[in-house]
Amino acid sequence: MAATRSAALKIDWANLGTKLGLRGNTAAALANFKKRNDDARRKVQVLSEQPQTVDFAHYRGLLKNQDVIADIEKQFNAFQPKKYDVQRQIKAIEAFEAQAVKSAEETKGKVDAELRDLEKTLKNIESARPFEDLTVEEVVAARPDIDKRVEQLVSKGRWQVPGYQEKFGNLSVL
Amino acid sequence: MPQLVPFFFVNQVVFAFAIFVMLIYVFSKYILPRFVRLFATRLFISKL
């Protein structure tokens, strides 16, 4: 218990969100968690400051009915604070942590893959040649759907690409 | 005169058809689709 408390005290709560780059849901959950932690600690502080003993001798001199005081004293001494079994909750928290770590690693892998893809695209863009230097073969290699479309048009008996004449004009002499 | 050679005109007709068929095949399979492909590529590039 003492170890966990000291660990909680060591955390720099104010800078945690910005340091880890947390955003949205995670930051809100973290703030909520911190608030619960603070509340619980404050409650413990307030409760432990209150008197925990009863001066039964004082009441014995004050009241005539000694049976009542004896009864209450017996009950007071017999009182045992109920012990909560936190093991299960800790286990649940550990399972949640494992899940969170797993999902974070998954996200990291996804982001890394995306970054690699983006870098490849960037390199592609940087090393691209101007349109004047491109050949039909290169364009078709980059976009195989052009060949598919040509096949489709030809199989339908169409030897002109729709929209071509509007863009480039008709050079036919006939 | 070659016209007098037996089956000269049969030979003419056969070869004319053969060449005709071959031309149609080569054009429709290789040459004209190349033009369609060129046009499609041009159109694609101009739309980028």
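The structure displayed is predicted, hence computed values, not measured ones. Heavy atoms only: backbone and side chains are in, while hydrogens, waters and symmetry mates are out. Just so it is clear: chains get the letters A, B, ... in the order the sequence lines come, proteins before strands, and each one is counted from 1.
A:F33 is not connected to A:I93 by any chain of hydrophobic side-chain contacts under 4.5 Å among Ile, Leu, Val, Met, Phe, Trp and Tyr, and they are in different clusters.
A:F76 CZ: more than 12 foreign heavy atoms inside a 6.0 Å radius. When the shell of 6.0 Å around CD of A:E97 is examined, it contains 12 or fewer heavy atoms from other residues, nucleotides or ligands. A:Q66 CD: more than 12 foreign heavy atoms inside a 6.0 Å radius.
Qualifying side chain to side chain contact (heavy atoms under 4.5 Å, CB included) partners for A:D39, counting only residues two or more places apart in sequence or in other chains: A:K35, A:R42.
Contacts between residues 7-24 of chain B and chain A, defined by a heavy-atom separation under 4.5 Å, are made by no residue at all. Annotation: residues 156-174 of chain A contacts chain B through A:W159, A:V161, A:P162, A:G163, A:Y164, A:K167, A:F168 [non-hydrogen atoms, separation under 4.5 Å]. Within residues 32-41 of chain B, the residues approaching chain A closer than 4.5 Å by heavy atoms are, in numerical order, B:L32, B:P33, B:V36, B:R37, B:L38, B:F39, B:A40, B:T41.
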